[in-house]
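One structure is given here, and the rest of the page talks about it.
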Amino acid sequence: MQYRAFSPSGEKVSLLGLGTMRLPVMGKDETAIDEEKAIRLIRYAVDKGVNYVDTAYMYHGGNSEVVLGRALKDGYREKVFLADKMPIWLAEKAGGVEALFEEQFRRLDVEFIDFYLVHNLTKSIWQDVKEKNVLPFLEKMKAEGRIGKIGFSFHDELDVFKEIVDEYPWEFCQIQLNFMDKEFQAGVAGLKYAAEKGLPVVIMEPLKGGKLVKALPDSVAALWESFPVKRTPAEWALRWVADFPEVLTILSGMSEIEEVDENIRILENASPGSLTEEEKSLIGKVSAEYKNLIKASCTACRYCMPCPKGIDIPRVLDQYNQWHMYRSVRESRRQYGFLKKGSRPVDCIDCKACEEQCPQHLPVSDIMREMVDTFGE
Ligand SMILES: NC(=O)c1ccc[n+]([C@@H]2O[C@H](COP(=O)([O-])OP(=O)(O)OC[C@H]3O[C@@H](n4cnc5c(N)ncnc54)[C@H](OP(=O)(O)O)[C@@H]3O)[C@@H](O)[C@H]2O)c1
């Protein structure tokens, strides 16, 4: 296993980290973790040298924390850095920030969380975090020895990222990064910005939640095949991320032992700056090919909004495009499940008000129907 140092304190973190948002489940119910298999997988990864495990209050409906906590019994807790996240938007329902925090410790059944993140920061959630004095509370928990480093995970635009980095003395952060998202959210520019400020960066979604490795479109598979050096799509994608020296650890949500083995093998041999210009050019061509598969040329101008039924039309169009580009059933279903009840494609009343406003003349109501046909209600 390759390790990278967490500066300035110098802890050695494995370049492959284990995300527990995509543990093996039984059937289609994402909350029904296959506990035996998941515990075996987590312990296997740790035995092979993975020493950073990441969970969150909401993963698998709360069961990720519980199962991870069980996996870390029998001496495994001492072998890893444990990362968990505070979903501030759920705090009220959970009885407040403190109650939610305590519930996480109960679920995990641990005394200490090494890396504690404020989850999913966006402009508005960041505002909430400040208004609800979450950080002074976390500082107190740190002083009391309950948590280690304080960081945040991020899902908004680059300028918001920079603002958040600059407004608090964070100890680390977590961003989404893969070769399709180099200019999405924080992206490569955010990675470099954080690193310049001395902030270690944890990467999530290096395989775009599995979309870059499953059910490849023929044209993408042909491009990978055309290159003289043969690598799996997972290897190309993980190597692309590992090539950045600014990356501390790369979290992958592995659900099979074979994936753990493969990802360890890949990252053992991926040193920063090792991709050649030809290899980077190939990855650039693959990225362009995926973009060719975009079906609805939505620019997210939001002229279609507001929808009388409250449907977030640009978001549904993005999901529609993602489905056509990557054909990832599990991830597309998961994303579709995040749409607000009462404001889903099935609630479209076919009024076509959005279509009248759309500068791209997109057949939005047809797309809504196609989404219902594909993913149900
Ligand atoms: N803070 C946040 O807001 C946030 C958001 C997203 C993620 N995260 C964290 O970051 C972690 C990593 O993100 P991610 O789970 O999206 O990672 P990812 O590596 O992009 O995607 C994981 C999926 O890729 C597939 N996979 C992994 N290795 C593979 C291999 N060698 N060959 C083929 N398929 C492979 C698996 O699909 P199958 O399961 O279908 O086999 C797995 O579910 C999450 O688990 C979570 O802990 C945090």
Side-chain angles (χ1 to χ4, degrees), residues 15-26 28 30 33-34 37-38 41-42 45 50 52-60 63-65 67-68 80-90 115-122 125 151-156 161 172-181 184-186 201-216 224 231-242 247-268 270 322 326-335 338:
L15 182 55
L16 177 66
L18 174 62
T20 60
M21 190 178 81
R22 303 181 199 279
L23 290 170
V25 291
M26 291 177 294
K28 284 185 186 166
E30 287 293 326
I33 298 176
D34 182 338
K37 187 174 172 189
L41 182 134
I42 294 165
V50 170
Y52 189 103
V53 288
D54 173 273
T55 186
Y57 184 83
M58 51 190 286
Y59 293 170
H60 292 288
N63 290 330
S64 168
E65 287 177 330
V67 172
L68 177 59
V80 295
F81 296 114
L82 172 60
D84 202 352
K85 314 188 191 78
M86 159 81 64
I88 182 67
W89 63 96
L90 296 179
F115 287 70
Y116 197 85
L117 303 94
V118 189
H119 199 171
N120 186 26
L121 283 192
T122 58
I125 297 175
F152 68 97
S153 73
F154 181 78
H155 289 289
D156 204 334
F161 179 74
F172 72 107
C173 66
Q174 182 167 318
I175 62 170
Q176 171 170 340
L177 193 67
N178 57 66
F179 70 75
M180 287 306 293
D181 289 335
F184 180 63
Q185 296 185 357
V201 184
V202 173
I203 301 299
M204 56 187 158
E205 310 222 15
L207 306 176
K208 213 167 165 51
K211 288 190 264 190
L212 300 178
V213 290
K214 311 260 166 177
L216 295 198
W224 289 135
R231 291 178 175 146
T232 62
E235 179 157 8
W236 285 114
L238 289 176
R239 274 182 174 268
W240 183 86
V241 179
V247 167
L248 175 69
T249 180
I250 304 173
L251 300 178
S252 184
M254 298 159 282
S255 57
E256 299 291 339
I257 296 269
E258 293 73 27
E259 292 171 352
V260 178
D261 276 334
E262 186 185 10
N263 295 354
I264 288 175
R265 174 190 64 76
I266 295 165
L267 291 178
E268 249 165 14
Q322 300 269 332
Y326 305 111
R327 296 279 165 182
S328 165
V329 179
R330 186 176 178 187
E331 180 56 13
S332 293
R333 271 215 186 99
R334 207 177 71 84
Q335 293 297 333
F338 288 146

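Counting convention: from 1, in listed order, for ligands and their atoms alike.
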Considering all heavy atoms of both residues, which atom of Asn178 and which atom of Glu205 are nearest to each other, and what is their separation?
-> ND2-O, 3.0 Å
Ligand 1 versus [X]: contacting region, heavy-atom distance under 4.0 Å:
X      : value
Glu256 : neither
Ser252 : both
Gln176 : neither
Glu258 : neither
Asp54  : both

For atom 17 (O) of ligand 1, which protein heavy atom lies nearest, and how many Å away is it?
-> Gly253 N, 3.3 Å
Around atom 1 (N) of ligand 1, find the nearest protein heavy atom and jot down its residue, atom name and distance.
-> Ser153 OG, 3.0 Å
Counting from 1, what ligand 1 atoms have a heavy atom of [X] closer than 4.0 Å?
X      : value
His119 : 1 (N), 2 (C), 3 (O)
Ser255 : 38 (P), 39 (O), 41 (O)
Leu251 : 10 (O), 11 (C), 12 (C), 17 (O)
Glu262 : 30 (C), 31 (N), 32 (N)

With Glu30, which of Arg334, Arg333, Arg330, Arg22 fulfils salt bridge (Lys or Arg N to Asp or Glu O under 4.0 Å)?
-> Arg330
Has ligand 1 got any nitrogen or oxygen that is less than 3.5 angstrom from a nitrogen or oxygen of Gly210?
-> yes
Ligand 1 contacted by Tyr59 (non-hydrogen, < 4.0 Å) | yes
Is the closest side-chain donor-acceptor distance between Ser252 and Glu259 under 3.5 Å?
-> no
